[in-house]
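Down below is the structure, laid out as structure tokens.
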Amino acid sequence: MKKVKICGLRRKEDILIVNRLKPDYVGFVFADSSRKVTKEEAKALSKQLEKEICPVGVFVNEEPEIVAQIANAGIIDLIQLHGEEDEAYIQKLKAFTNKPIIKAVRVRSREQIQKAEALSCDYLLFDTYIKGQYGGSGKPFDVSLIGEVSKPYFIAGGLSESNVAEKLKNCDAFAADVSSAVEIDGYKDEKKVQQFIEAVRKG
Ligand SMILES: O=C(O)c1ccccc1NCC(=O)[C@H](O)[C@H](O)COP(=O)(O)O
């Protein structure tokens with residue numbers, strides 16, 4: 001069964017929703033965004049998360065020492081790098097923490113994906129390229145660009161209950177990641193989260 005990640009949790013209500021619906025992963029965004037949480041907020045939210053749900057920290061070009069501090073404090077179990085982090089950055093981060101790493105790629109070409117495969121991260125995540133916006137755009141991209149990839153990967157970018165099954169059929173993703181389409185007025189909506197999780201798991 002495909003895995004599912006609900007990204008951009010920021011309220012106690014969001015944690016109650018995911019604890020009931022049990023996605024495989026949830027994301028806390030530590031980068032500039034309407035969904036941004038502080039380390040203290042994420043710590044309090046993560047503590048209330050059911051143990052079977054894996055908390056992921058989303059960072060954009062953050063100092064590796066800061067990322068590692070948050071990871072090593074047990075607030076997150078997986079690190080998602082969503083900026084221009086390169087192999088040198090990943091090596092530096094790995095010197096500070098042994099938490100697994102997802103490297104996000106905002107897809108513009110097949111060459112870019114092949115280059116990302118050589119990075120020493122554990123997973124890749126393919127998201128939509130929008131100039132000036134790192135993530136959470138709500139805009140889809142053509143997943144047929146992905147092709148064969150040697151690492152397990154997430155797909156993201158404008159996924160919704162109505163398009164996720166089709167997108168998963170057109171690539172070999174390990175997991176689907178969503179934020180915008182499971183929100184109403186910027187807040188996570190239980191019904192939408194439930195419909196998305198069901199659509200991913202039904203395939
Ligand atoms: O969600 C954000 O606001 C965000 C801001 C800056 C960097 C990354 C961000 N989100 C990362 C994610 O993993 C999102 O789930 C992914 O981009 C998909 O979002 P959406 O297209 O809204 O479903």
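We count ligands from 1, going down the list as the structure has it; atoms in each ligand are counted the same way.
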Is a donor from one side chain sitting under 3.5 angstrom from an acceptor on the other, for Glu65 and Gln69? no

* Taking atom types as modelled and ignoring hydrogens, do the side chains of His82 and Asn61 form a donor-acceptor contact shorter than 3.5 angstrom? -> no

Residue pairs meeting salt bridge (Lys or Arg N to Asp or Glu O under 4.0 Å), one or both in residues 160-187, sequence neighbours left out, come to Lys5-Asp177, Arg35-Glu183, Glu183-Lys188

Atom 20 (P) of ligand 1 has as its nearest protein heavy atom Gly138 N, 3.6 Å

Exercise for the section: Taking the side chain as every heavy atom from C-beta outward, state whether Phe154 and Gln80 have any atom pair closer than 4.5 Å. Expected result: no

Point to revise | Non-hydrogen side-chain atoms of Ile102 and Leu78 separated by less than 4.5 Å | key: yes

- Compute the minimum heavy-atom distance from Ser137 to ligand 1 and say whether it is under 4.0 Å. yes

Note to self: Is the distance between the ring centroids of Phe141 and Phe126 under 6.0 Å?
What the structure shows: no

Honestly, for Ser179 the part within reach of ligand 1 (heavy atoms, under 4.0 Å) is both

Taking the six-membered ring for Trp, are Phe174 and Tyr153 closer than 6.0 Å centroid to centroid? no

(message) Within the 4.5 Å heavy-atom criterion, are Ile90 and Leu81 side-chain neighbours or not?
(response) yes

Ligand 1 atoms nearer than 4.0 angstrom to some heavy atom of Gly157 are 18 (C), 21 (O)

Of Asp127, Thr128, Asp32, the one whose closest heavy atom lies nearest atom 17 (O) of ligand 1 is Asp127

To atom 11 (C) of ligand 1, the nearest of Arg35, His82, Lys36 on a heavy-atom basis is His82

Of all protein heavy atoms, the one nearest atom 3 (O) of ligand 1 is Ser33 OG, 2.6 Å

#### Entry: Within-shell test, Gln80 vs ligand 1, heavy atom, strictly < 4.0 Å
yes

Val60 heavy atoms within 4.0 Å reach ligand 1 at atoms 7 (C)

A student comparing Ile6, Val56, Val58 should find that the heavy atom closest to atom 8 (C) of ligand 1 comes from Val58

Q. Is Arg106 salt-bridged to Glu84, cutoff N-O under 4.0 Å?
A. yes

* Asked: Does ligand 1 have any atom sitting under 4.0 Å from a heavy atom of Gly8?
  -> no

For atom 12 (C) of ligand 1, the closest protein heavy atom turns out to be Cys7 SG, 3.5 Å

Looking only at heavy atoms of Lys5, does any of them come nearer than 4.0 Å to an atom of ligand 1? yes

Next item on the list: Return a yes/no value for Ala181: is any of its N or O atoms, backbone included, closer than 3.5 angstrom to an N or O of ligand 1?
Entry: no

Should Ile146 and Ile155 be marked as a side-chain contact (heavy atoms from CB on, under 4.5 Å) after you check the CA-CA gap, both sets of side-chain angles, and the distance that decides it? CA-CA 10 Å; Ile146 298 172; Ile155 51 168; 3.7 Å; yes

So the atoms of ligand 1 within less than 4.0 Å of a heavy atom of Asp177 turn out to be 13 (O), 14 (C), 15 (O)

Per-atom filter on ligand 1: closer than 4.0 angstrom to a heavy atom of Ser180 are 20 (P), 22 (O), 23 (O)

for atom 10 (N) of ligand 1, nearest protein heavy atom and its distance come out as Gly136 N, 3.7 Å

| said: So Phe30 and Ile66, do their side chains get closer than 4.5 Å, heavy atoms only? | reply: no

